[in-house]
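Below is one structure, written out as structure tokens; the observations come after it.
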Amino acid sequence: MPSYDPKAIESKWQKRWLDENIFAASDQAPKKKMYILDMFPYPSGDGLHVGHVKIYTASDVVSRYLRMKGFNVLHPTGWDAFGLPTENTAIKKGIQPSVLTAQNVTRFRQQMQQMGFSYDWNREVNTTDPEYYKWTQWIFLRMFQMGLAYQAHIPINWCPSCKTGLANEEVIDGKCDRCGTQVEEKPMRQWMLKITKYADQLLEGLGGLDWPKFVLDLQHNWIGRSEGAEISFGIDGTSNELSVFTTRPDTLFGATYVVVSPNHPLVAELTVPQQQAAVAAYVAEAQKPIRLDPKGEKEKSGVFTGSYAIHPVTNAKIPIWVADYVLMSYGSGAIMAVPAHDERDFAFAKKYNLPIQQVIVPAKAQGEATLPYIGDGVIINSEGFDGLSVTEAQRMILQKLQLQGKAKKAVQYKLRDWVFSRQRYWGEPIPIIHCEKCGVVPVPEKDLPVRLPEMDKYEPTGTGESPLATVEEWVNVKCPTCPRMAKRETNTMPQWAGSSWYWLRYVSPHYTQAFTDPAAMQKWLPVDVYVGGSEHAVLHLLYARFWQKALHAAGLVPQDEPFKRFRAVGLVIGEDGQKMSKSRGNVINPDDVVVQVGADALRVYEMFMGPFEASVAWNTSSIKGSRRFLDRMWDLVATRAAQASDQEDVEVELMLHQTIRHVSESTENFKFNTAISGLMELLNVVESKPMLSKKTLESIVLMLAPYAPHIAEELWEQLGHTQSLVYERWPSFNQKLLAKAQVTVPIQVNGKVRGQLQFDPGISQEEVEKRARALTNVQKHLEGKTVVKVIYVPDRLLNFVVK
RNA sequence: GCGGAUGUGGCGGAAUUGGUAUACGCGCAUGGCUUAGGACCAUGUGGGCAUGUCCCGUGGAGGUUCGAGUCCUCUCAUCCGCACCA
């Protein structure tokens with residue numbers, strides 16, 4: 001049997017698709033739109049990864065399926081090209097990042113076209129293109145006008161290896177997400193984006209999204225909203241007050257001391273002269289960069305300030321301590337410690353012999369609870385509140401304090417504002433001018449884009465200054481609002497900037513009047529299906545939602561959520577069960593696979609290897625199965641096309657319609673693996689039939705098309721068609737035929753299968769029972785027993801319950 | 001510690017959502033194609049023995065049900081987030 005030649009037909013059809021511009025989305029077509037997006041790649045020097053192929057094949061299958069279902073499909077791609085890897089490689093190679101980016105993009109584009117992805121290449125965008133980043137800068141300035149972009153001098157996460165500041169989201173386990181170096185804290189002037197302003201909206205919006213639950217949970221936890229109270233403690237001997245945040249006002253009577261963070265502004269003031277040396281030493285120690293303690297294993301430490309706080313209800317004097325287990329970055333940087341009911345406070349109190357006052361007992365067990373006791377219960381030792389439940393006490397105690405002006409309700413978030421400046425070269429320049437007289441002046445819109453200047457040497461300085469600071473002719477500029485000379489902002493934007501709005505640009509990628517065309521937005525937005533990796537669950541996917549919400553608030557985009565439906569891909573693991581990496585030598589290069597078995601077989605394999613969202617290890621010998629499947633498809637059509645009959649085999653017809661239903665539903669639900677297995681089952685049956693109708697062969701080819709588009713086009717041509725099948729109608733199934741099909745029903749005795757019956761659907765229970773009792777094997781198991789009950793699920797199952 | 005998943009043949013996995021467990025594919029075995037085969041085709045392939053349309057079987061132990069891979073309780077293992085967040 002001659003097997004087919006993927007090389008020849010794949011390039012033939014790829015060329016034809018491109019020449020005919022067949023995947024161009026029409027802004028005019030009256031058909032209903034579908035916007036199918038995948039996360040555009042970072043064009044690294046390593047080329048396309050089999051993980052990319054999995055994501056892009058899935059979105060391609062969906063796009064091709066929907067085109068055949070009659071939708072006007074927008075399926076674009078582009079390049080998320082700013083960022084450190086390119087810059088680092090360019091430095092090493094001694095070339096310009098822009099040159100390297102162009103090379104990488106060319107390779108990626110070629111690789112993606114070689115996979116047969118049905119992108120609308122007219123809409124390709126590149127975040128490093130000045131025509132693109134002009135609008136990234138423009139959006140930044142809108143955010144500046146809205147008060148969402150601001151400068152701050154704060155300690156931020158600094159990567160000593162990448163020599164730049166990082167956002168909170170980029171620090172994993174205290175290490176730089178990029179290079180794994182231990183992150184340090186470094187106080188610097190920063191540009192920040194006020195994402196916290198949208199914390200509640202970002203939280204609420206999650207409710208309406210069709211996203212994987214784990215991604216929603218991740219974002220929910222990252223935002224980390226907690227409701228509680230800010231309570232003021234007086235400071236003995238002064239008129240000052242110390243504010244603490246707590247989610248447990250019910251434990252107020254159990255507060256036996258107060259702790260402030262070493263970075264708390266009142267530390268010096270609170271420290272009495274005798275304690276000054278000890279406190280100063282402790283604070284200095286706490287400032288050292290190695291303060292991160294991932295597992296909380298470090299023993300608690302702290303030092304007494306010598307001063308006392310006044311308990312707001314009992315007026316007791318309780319000691320104020322300094323300890324680094326209280327973080328300045330959360331709440332007010334000070335807590336009331338309730339050792340009886342908090343593990344951390346308990347450990348601290350034990351170590352320093354501080355008093356422990358129990359104020360909650362478990363509701364049921366009257367006796368002692370082991371401390372610290374975190375659970376629910378009844379209040380004790382709290383004058384005026386004893387006997388209340390925890391929830392009641394929370395409300396009542398807070399109410400009492402509120403009346404006295406000593407507390408207010410408060411909400412805290414774990415989410416921090418987004419550190420938005422980087423001290424590196426290869427990013428969008430932040431379009432701001434600093435004038436001695438006028439202060440911070442935005443670059444006027446007419447002067448955008450602020451182009452990244454060409455530099456011979458653009459290595460990071462490591463001083464906290466961007467390398468751009470050395471380009472004097474670029475830095476020194478006339479102030480837009482006064483006649484003086486001023487200086488440009490030299491920090492650049494983080495890698496995430498360009499990807500925080502790119503789905504908006506695709507709807508009108510060449511529009512020059514604004515960041516995007518309002519009419520095109522009305523036509524195409526929002527994104528209907530978004531496909532990508534879950535490693536961006538709290539990075540890109542959170543930033544993107546934030547920008548969309550900010551732009552929506554400014555009246556610039558119609559919706560306040562960008563992606564209605566999101567599907568996260570599972571990793572493609574190396575054949576050895578380890579993550580693919582160059583150092584392990586287990587990386588599979590898609591180019592090699594294409595040479596060996598063809599792009600169609602690779603597409604089919606990656607869709608078939610397991611559930612789309614599951615991480616599955618690569619298996620080279622399994623790919624053969626996908627190729628064999630295509631070979632058999634080829635042989636089937638090639639040998640049967642000429643002598644196809646008009647008559648329909650009854651069994652084939654029924655199975656064909658069942659398969660159409662199954663493949664349609666599976667494809668829509670991202671269950672690509674079962675869609676393909678359905679086609680395989682059909683093939684197994686159909687292969688052995690001497691006669692097949694042309695209609696059947698055509699339906700099979702059409703169903704194959706989204707998964708293996710090249711071979712499908714070629715077979716379609718062999719079936720006598722001259723036009724591409726890209727816009728051919730997806731086969732439909734006959735509901736009536738399926739409903740009439742005979743059913744095979746198991747006959748059980750006491751839940752164990754003892755026989756099978758075949759009959760037309762809808763026959764009566766009596767009839768089924770009669771025929772079931774006639775089966776010898778059933779009779780054997782009924783003999784000498786009493787039938788106490790008969791369970792009949794129409795057309796599904798019959799079960800005799802006997803004694 | 002908190003949160004979220006996931007455990008089914010030698011392997012990847014399927015199971016109409018409580019109704020015939022192991023579809024489909026890989027691998028393996030036997031045979032064929034009368035040289036070979038990392039090609040192709042056919043058949044077989046969860047375990048057990050008394051080889052019967054018999055018994056057992058979806059990480060483990062209980063439970064609910066006529067009926068459980070699916071629901072409940074406990075438990076073990078693995079993976080992924082977050083992590084001194086008051």
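Just so we're on the same page: letters track the sequence lines, and every chain starts at 1. None of these values were measured; they are calculated from a predicted model.
Of the side-chain N and O atoms in A/K624, none sit less than 4.0 angstrom from OP1 or OP2 of B/C40. For the pair A/S226 and B/A86, the criterion of a side-chain N or O lying under 4.0 Å from OP1 or OP2 is met. When the side-chain nitrogen and oxygen atoms of A/K789 are compared with OP1 and OP2 of B/C66, one or more of them lie within a distance under 4.0 Å. Look at A/R796 and you won't find any side-chain N or O under 4.0 angstrom from OP1 or OP2 of B/U16.
Within 3.5 Å, a donor on the side chain of A/Q748 pairs with an acceptor on the base of B/G19, or the reverse.
Using N1 to N3 plus N6-O4 or O6-N4 for Watson-Crick, or N1-O2 and O6-N3 for G-U wobble, each under 3.5 Å, B/U43 pairs with B/A29. Remark: B/A83 base-pairs with no nucleotide in the shown strands. Criterion, Watson-Crick or G-U wobble with two distances under 3.5 Å. Checking B/G19 for Watson-Crick or G-U wobble geometry (two distances, each under 3.5 Å) identifies B/C66 as its partner. With a cut-off of 3.5 Å on both pairing distances, B/A50 has no Watson-Crick or G-U wobble partner at all.
Side chain of A/R603 to main chain of A/Y707: a donor-acceptor pair is present (N/O by atom type, distance under 3.5 Å, no hydrogens or angles).
Below 30°, between 30° and 60°, or above 60°: for A/Y373 and A/H341 the angle between ring planes is above 60°, a perpendicular geometry.
Side-chain contact between A/F348 and A/S301: absent, with no pair of heavy atoms (C-beta onward) separated by less than 4.5 Å.
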